[in-house]
Amino acid sequence: MTTEHMVHMANQIALFFASYPREEAVAGVTDHFRKSWERRMRDQIKQYVAQGGGGLHDLVQEAVKRLD
Amino acid sequence: MALIHEIDHGTPARIAETLVTLEIDGKQVRVPAGTSIMRAAVSAGVQVPKLCATDSMEAFGSCRLCLVEIEGRSGTPASCTTMAEPGMKVHTQSPKLAKMRRGMMELYISDHPLDCLTCAANGNCELQDMAGVVGLREVRYGFDGENHFKKSEKDESNPYFTFDPAKCIVCSRCVRACEEVQGTFALTIDGRGFGSKVSAGGGLFLDSECVSCGACVQACPTATLIEKTVVEKGQGEHSIITTCAYCGVGCSFKAEMQGSEIVRMVPYKDGKANHGHSCVKGRFAWGYTTHKDRILKPMIRAKITDPWREVSWEEAITYAATEFKRIQAKYGKDSVGGITSSRCTNEETFLVQKMVRAAFGNNNVDTCARVCHSPTGYGLKITLGTSAGTQDFDSVEAADVILVIGANPTDAHPVLASQMKRRLRQGARLIIVDPRRIDLVRSPHVLADYHLPLRPGTNVAMINALAHVVVTEGLVNEAYVKERCDLAAFEQWRKFVAEERNAPEAVEQITGVPAADVRGAARLYATGGNAAIYYGLGVTEHSQGSTMVMGMANLAMATGNIGRRGVGINPLRGQNNVQGSCDMGSFPHEFSGYRHVSDDAVREMFEEAWRVTLQGEPGLRIPNMLDAAVDGTFKGLYIQGEDIVQSDPNSQHVTAGVAAMECVVVQDLFLNETASFAHVFLPGSSFLEKDGTFTNAERRISRVRKAIPPMSGLADWEITMKLSQALGYPMKYGHPSEIMDEIARLTPTFAGVSYEKLEELGSVKWPCNEKAPEGTPIMHVSQFVRGKGRFMITEFVPTDERSTDRFPLILTTGRILSQYNVGSQTRRTANNVWHDEDVLEIHPFDAENRGIQDGGLVSLASREGEITLRARISERMQPGVVYTTFHHAVTGTNVVTTEFSDWATECPEYKVTAVQVRPAKRPSEWQEHHREIRRQTTQILGETSPTKQPRT
């Protein structure tokens, strides 16, 4: 998956949960990644965040850090 | 085995609390008040002669054959139009009645050709039957006088049935069927008295408003309207009940046969989804099952540029399994996957996902619901607790307000649309939310109270505006919400939608819909009585598809419109078994019954049953598989009954994905577009060739019964078993019923389902278990499946697909009545008469601005690609929006659609693509390239002529 596509998809998820209180929103994004994204995709976004995660919504940044 | 004949009760059933007891020919019978004497007589085992009456429509009282005598009353009233009354004593036979009936029959027959022995209806003609019943022995009037049968000309214009006025007795059953059953009003009786004749708008059937549903043919008591297959082949000698393999309505049909040859498909009156009605696809478009393009032998090839080589089943299966094992050994366990089919049975779908999880050892399984109703599953599960619609189809009969959002039922779910239109003719109110002026907005005796023609991509803004009116004008059903919903979530939602930015006046600039109309529609929905939402892919195929599903659930909960007859949220499923394929665990994150693979208890149950260790984390979805293939980590794919190259968005990306794989196995009826990129082709079986079940949009599980043997020798479930065996994971089932038994053991909502129960009940709606042994017509009756209904905040987020100066128009795609999905079935039938190419509908204003002529070739270009097709100038469109279908592979509609998708499920955003349209002179580069690719990739070794070349 291209980085651009991944960032877009992840930010879309964040925009849905952004309406909720911060903690609930981060938990929602994390749970969504866990339950819907395959390992390769999770690895890709974890790696991207580790490299700075440019362009990612801050909810995504925080959620990804909570992934195993 | 014999032909199945349903009992014709003459007039429709009545439902009433009061029962009426009367005596007919000395037999006592009790019937609901309002029942006709004719129907009561049938209940008493007495058949009153009749011609103009049939129980699919209201009594007409014209043929005068059903006359009876009632003690204490003078005259001989018609039993079809006379209601049963308490204490009545009715006589259906007397010398006087017999004389009158013979006299009537004499008149009928004096104007009817006496060609019974050579007539196509011979043996299945009510006129012939009645002549026998009344004892007609002579026609005193002769046949030389003025008549209709000597000068009439047949109308053969319809590809599926003939209209022969010579045989018409002007009983009006066809006209009434068109009105009452189908709701199209295409037929009428022209003229008066002796000059009366059935007319399709004064011209040919094909040129009329007729939608070829077949209701008139079915209603005709003579050979006036009759199937051409019956004319050609004769009457069937046995029949079997099965379920249609087209849309998600799931109509029951009688497949009438001569030996192993289908003669005709007749809608089954006891079918609980269709009640004896049908559409042009299910009724007539079954010829693809024996089309010459069917591939009947397995084929393999090392490279997609090689010609196909026909091989034995054993060689093909061994080759596929060896390749998958090689790929997994080289690239890892997760480098392969499978796609289940929404056109195949529940049992076949269950086996494919089982094979992927147990034999491949991963969760890389997905299904075509990914590209249609995956947001329905997501949105309804979060809010209500289960991934399915809430009602049965019959619920619409109790709806007072029908809200149709992003669906076009008359085209995509025609039989349900007929039921809906019947309710609307009875006075139910109608709100339509759709960018296009679909037929339902205004059709004979149907007029929408509100049509909200919103801009594509603004559904969520619209649903929030509707909810805003409900919340701010005091229209919330507070008692319902307090009793049944999560109050904290409700208060959070109430506060959100009440914000001024969600008011219709604020949203008007987003949706383009006048605020007053939105307010009116919201008030009607909230206060008009039972309000039911029906929706389709115009809801789900958006970047906020799942959000919109939640928004509709919010609205229905807030107004108390879930949990009883006449209300609810009703997803109109596109394909015959989309609901079933989802139920069966086709998604990469869920086992059957929508249980997440990370649930240890559930996974352990499957591990114990399947004697294998299963992965506990989600696998790849279809778009993820394609991404991974392009990345080089996904190399093998088993595809059962799905054509992702034609149906999925951004064709260039899809073809790049499949082209990057080392083993693509396509199991299908035809060499479809995806087969161009396949290395193994396994010939599949049509719905007529196997046993199984389909689950329709109302969760109804119906039997699919084998009418003829599999033409390739194996049914699809048997092919999957063989492949699994070759992969080293043997599955042993002697019959699909054994697969269903396993599904029932492992899936709580299916615990009570078995073939025995389906034989007993005809069909059953899940959940079917100890709590609901006969199934569940309506869900969430006393409480929501998840306990308390959960309101979700549905912030409107505009799609990132924006129109610009370069791409100023918005394209939405969809389907039409006569074609189905990628068209591989319907394009191989006479349905092409109505739609032999995809066309671009464009508003006159946009056409004129661009110098586009009606019927002229135009280029349709997006950021992703460009195609050409013909334009149709239509005021159904709003300015700025164009529309086309994706039924014809040569069009390549998905060359222009984008990879934008629903945030939660990755359901593609087919409904919003920024495009430009301009006049064109020749096919696009893609189309030229496609033609060449097809030529190169569909050759079969040893075939000198392209007899098996797919029509694309």
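Neither the backbone nor the side chain of T905(B) comes within contact range of chain A, judged by heavy atoms closer than 4.5 Å. Interface residue V797(B): only side-chain heavy atoms are found under 4.5 Å from chain A. Neither the backbone nor the side chain of M625(B) has a heavy atom closer than 4.5 Å to any heavy atom of chain A. Residue contact with chain B, scored on non-hydrogen atoms closer than 4.5 Å, involves the backbone and the side chain of M1(A) alike. With a 4.5 Å cut-off on non-hydrogen atoms, D334(B) touches chain A through its backbone and its side chain both. With a 4.5 angstrom heavy-atom cutoff, S546(B) does not touch chain A via any of its atoms. For F900(B), the part lying under 4.5 angstrom from a heavy atom of chain A is the side chain only.
With values rounded to the nearest 0.5 angstrom, R39(A) atom CZ is found 10.0 Å from N362(B) atom CG.
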Requested in this report: Apply the test side-chain contact (heavy atoms from CB on, under 4.5 Å) to residues Q544(B) and Q12(A): give CA-CA distance (whole Å), side-chain angles for both, the deciding distance (0.1 Å), then the verdict.
Outcome: CA-CA 9 Å; Q544(B) 282 200 289; Q12(A) 276 185 295; over 6 Å; no
Report task. Go through the steps for E795(B) and F17(A) under the test side-chain contact (heavy atoms from CB on, under 4.5 Å), then give the verdict. Result -> CA-CA 9 Å; E795(B) 187 74 60; F17(A) 288 103; over 6 Å; no
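Aromatic pair H32(A)/Y378(B): ring centres closer than 6.0 Å.
The pair R34(A)-E617(B) does not meet the salt-bridge criterion, since no charged nitrogen lies less than 4.0 angstrom from a carboxylate oxygen.
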